[in-house]
Amino acid sequence: MSFICRFAPSPTGPLHIGGVRTALFNWLLAKKNKGKFFLRIEDTDKERSKDEFKDQIITSLDWLGINHDGNEYIQSKNVKNHIAVADELLKKGFAYKCYCSEEEINEQKEKCKKQGIPYIYNRKWRDAKDLEIPKNLDPVVRFKSKISGNTIIKDLVQGERNISNSTIEDFIILRKDKSPTYQLSATVDDNEMGISHVIRGDDHMINSFKQKQIYDALGWKVPEFAHIPLIHSEQGKKLSKRDNASTIEDYIKMGIIPDALRNYLLRLGWSYKDKEIFTKQESIDLFDLKGVGKSPSRLDISRIFSINETYIKTIEKKELFNYLKLYVNKYKNKLDDSKELIIFNSLDFLKNKAKTLEDIWNNAQYIITNKIQIGHEDKKLIDENSKKIINEFIIEFEKLSKPSKENLEPIIKTLISNHKTNFKGVGQPLRIKLVGSRFGPGIYDIILSLKKDEVIRRLKDL
RNA sequence: GGUCCCAUCGUCUAUCGGUUAGGACACAUGGUUUUCAUCCAUGAAAGAGGGGUUCGAUUCCCCUUGGGACCGCCA
């Protein structure tokens with residue numbers, strides 16, 4: 001069996017994390033089964049579709065390493081075919097022209113609302129032999145949805161889903177301006193692209209029932225469906241663009257690395273035993289629709305940070321550095337080459353208490369800045385005795401031709417015993433002078449990461 | 001309101017009728033450490049409620065409750 005999957009977002013807003021997970025699951029399934037994964041931009045809403053969103057979608061998926069086969073399909077380029085199919089449905093009697101004005105429809109809706117009954121289009125023009133066709137009114141084309149019976153979809157995630165056909169109205173497939181609607185375009189394109197598995201959010205469930213009828217009417221092969229549960233915001237509602245930190249861009253800005261987000265999304269609504277960390281290849285090998293749960297899952301930012309931390313700590317230094325560089329160049333001030341080298345060499349300890357790339361950047365501030373700012377609290381910690389210690393350290397430090405941990409250690413130890421103090425008594429004032437805070441990397445790491453004369457310069461600046 | 005769906009620690013989840021209900025994040029405590037962190041150890045923390053079915057239900061069925069999605073000439 002071939003697996004042709006697709007992700008079909010509309011470019012009417014920035015791609016959010018729910019959409020990304022849908023794309024990921026489609027991609028995973030295609031990869032696992034050596035099938036294809038296509039990207040289709042559903043831009044038939046001319047009013048709201050924007051090129052910038054299309055670009056954002058493509059960039060986001062690209063950033064995550066979810067790459068599609070072939071060029072992206074642009075749905076609007078295929079409207080001629082969509083309309084042709086509508087005509088065919090019309091000709092075969094599966095669709096009809098409806099001359100109800102929008103006012104008329106709205107009136108009906110109002111009426112239903114007042115009576116407290118659910119609105120469903122009254123199918124006035126479905127078999128309208130006797131009705132007089134109004135002039136000056138462009139009709140819409142509606143699909144003749146089944147009136148009786150039930151439709152069953154064997155959903156790969158949700159199991160058997162059954163709905164009474166009477167609850168599905170005669171939905172519009174062609175607007176009054178003759179443009180196709182989503183139900184038509186998506187079905188025609190999925191068919192044309194040979195999509196075998198339609199994996200999308202659970203909010204599309206009802207659409208699958210509608211679209212199945214179109215497939216059946218045309219005698220097309222109905223694809224497999226899988227409706228994956230939605231991702232909820234921390235408030236427990238469907239994710240919307242208003243929720244902060246829901247677009248990929250937001251996560252990139254926080255300094256999340258692609259693999260970490262991919263891993264997080266993978267484990268949101270899907271699991272494999274007790275395994276938490278999956279390489280890309282592992283996720284392809286192990287992914288399975290059977291492992292997808294049925295209930296919606298809530299976004300948990302602390303989990304994203306935690307997984308990101310794991311990745312920061314375990315990926316190769318060079319890889320991490322590249323991510324950091326990309327991040328800093330985009331969101332922070334570009335680094336000059338000499339600082340870049342220091343940061344690269346110091347990455348092993350700079351990444352230590354970092355959950356994000358931004359944390360690493362913050363940890364590296366003492367390297368980046370040329371002027372150390374010492375906070376009030378920290379300033380207070382440098383008393384007269386500390387100043388003495390610092391001065392004595394400088395004298396010994398200046399003698400070193402090439403500072404190393406080996407030749408630094410005796411100096412510190414001597415200072416500790418001469419001043420009857422502990423490591424903290426010596427390390428703390430030095431750290432404050434060198435990085436501007438009593439918190440920071442290990443004191444040897446700090447000293448060795450900076451150039452010798454820079455260390456002296458900072459320490460002398462009393 | 002109508003239709004459909006969901007329900008295990010705060011969160012993500014494991015369990016495919018028999019478990020001291022497991023793991024991870026977060027949280028708390030203790031330990032290592034050179035500060036902050038890391039790391040290690042420990043702890044607290046869950047089957048929404050009520051009925052069935054069964055020798056036995058978290059697991060299967062029903063009801064209640066709670067939550068969600070859909071109800072556009074948007075996609």
Side-chain angles (χ1 to χ4, degrees), chain A residues 8-13 42-45 47-49 75 98 100 102 105 109 112-113 115-120 138-142 155 158-159 161-164 166-169 171-183 185-186 200-207 209 227 229-230 232 234 236-238 264 267-277 290-291 293-307 309-310 313 349 351-355 359 363 378 381 412 416 422-428 430-432 435 437-446:
Chain A
S10 66
T12 53
E42 305 215 323
D43 59 342
T44 52
D45 183 341
E47 302 270 298
R48 297 196 299 154
S49 293
Q75 187 161 64
C98 163
C100 289
E102 287 180 59
I105 299 284
K109 284 186 184 172
C112 288
K113 213 174 171 182
Q115 295 178 346
I117 55 171
Y119 164 76
I120 184 161
D138 294 316
V140 297
V141 176
R142 289 182 184 269
D155 191 286
Q158 308 289 338
R161 282 288 153 95
N162 190 335
I163 197 171
S164 165
S166 62
T167 60
I168 298 174
E169 69 167 357
F171 53 92
I172 293 169
I173 54 175
L174 237 43
R175 301 182 185 96
K176 69 177 176 202
D177 68 356
K178 299 277 178 289
S179 64
T181 64
Y182 166 74
Q183 306 293 359
S185 299
R200 62 205 341 184
D202 202 16
D203 50 342
H204 279 285
M205 195 71 220
I206 190 75
N207 294 328
F209 285 106
H227 293 89
L230 301 176
H232 283 173
E234 309 214 18
K237 303 272 185 207
K238 180 181 171 181
Y264 171 75
R267 277 289 284 101
L268 197 60
W270 178 84
S271 63
Y272 178 79
K273 296 181 180 169
D274 278 344
K275 198 168 163 60
E276 299 287 348
I277 301 296
K290 284 191 203 100
K294 284 188 181 183
S295 47
S297 29
R298 203 178 283 232
L299 212 53
D300 181 3
I301 191 75
S302 71
R303 188 60 162 274
I304 299 179
F305 285 136
S306 164
I307 294 182
E309 187 180 7
T310 303
K313 284 191 178 138
F349 65 86
K351 75 180 184 185
N352 252 344
K353 48 179 184 167
K355 285 184 187 297
D359 289 341
N363 292 345
D378 293 316
L381 291 170
I412 302 279
I416 291 171
N422 54 16
F423 197 101
K424 192 176 171 186
V426 176
Q428 191 169 69
L430 288 174
R431 181 180 292 110
I432 292 171
V435 311
S437 164
R438 63 188 183 283
F439 308 131
I443 195 66
Y444 296 119
D445 284 332
I446 297 170

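Protein chains get the first letters and strands the later ones, always in sequence-line order, with residue 1 at the start of each.
At a cut-off of 3.5 angstrom, the base of B:rA75 holds at least one donor-acceptor pair with the side chain of A:Asn207. Between the side chain of A:Lys353 and the base of B:rC36, a donor-acceptor pair under 3.5 Å is found. Applying the 3.5 Å distance criterion, the base of B:rU34 shares a donor-acceptor pair with the side chain of A:Arg431.
Considering every non-hydrogen atom in both A:Asp202 and A:Leu230, the closest pair reads N-CD2, 3.7 Å.
Side-chain contact between A:Leu430 and A:Ile412 is present, with heavy atoms from C-beta onward closer than 4.5 Å.
In this structure, CZ of A:Arg298 is placed 9 Å from C1' of B:rG67, rounded to the nearest angstrom. We find that CD of A:Glu276 is positioned 8 Å from C1' of B:rC25, with the value rounded to whole Å. For A:Lys238 and B:rG68, the NZ to P distance is 13 Å, given to the nearest whole Å.
Here B:rG23 is the nucleotide among B:rA69, B:rA75, B:rG23 with the atom lying nearest to any side-chain atom of A:Arg303. The listed nucleotides are B:rG23, B:rA75, B:rU13; the one nearest the side chain of A:Gln75 is B:rA75. Listed nucleotides: B:rA75, B:rU11, B:rG23. Nearest to the side chain of A:Asp274: B:rG23. Side-chain proximity of A:Lys109 to B:rA69, B:rA75, B:rG72: nearest is B:rG72. Each of B:rG10, B:rU3, B:rC73 was ranked by its minimum atom distance to the side chain of A:Thr167; first place goes to B:rU3. For A:Phe439, the listed nucleotide lying nearest its side chain is B:rC36; candidates were B:rG68, B:rC36, B:rA75.
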Atom pairs under 3.5 Å: protein N/O with N/O of nucleotides 39-49 of chain B:
none

Protein N or O to nucleotides 4-7 of chain B N or O, pairs below 3.5 Å:
{"residue": "B:rC5", "atom": "O3'", "partner": "A:Arg161", "partner atom": "NH2", "Å": "2.6"}
{"residue": "B:rC6", "atom": "OP1", "partner": "A:Lys294", "partner atom": "NZ", "Å": "3.2"}

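Taking the six-membered ring for Trp and thresholds of 30 and 60 degrees, A:Tyr182 and A:His204 have ring planes inclined between 30 and 60 degrees apart.
For A:Ser302, no side-chain nitrogen or oxygen approaches OP1 or OP2 of B:rC25 to under 4.0 Å. Dashed line: the shortest gap from a side-chain N or O of A:Ser297 to OP1 or OP2 of B:rU13 is under 4.0 Å. In this structure, A:Arg267 does not reach the B:rU11 phosphate: none of its side-chain N or O atoms is under 4.0 Å from OP1 or OP2.
Note on A:Leu230: only backbone sugar-phosphate atoms sit closer than 4.0 angstrom, heavy atoms only; bases stay farther off. The residue A:Leu268 sits close only to the backbone: its heavy atoms come under 4.0 Å of sugar-phosphate atoms, none of a base. In this structure, A:His204 reaches the bases: a heavy-atom distance under 4.0 Å links it to at least one base atom across the strands shown.
Judged by Watson-Crick or G-U wobble contacts below 3.5 Å, the nucleotide B:rA7 has B:rU65 as its partner.
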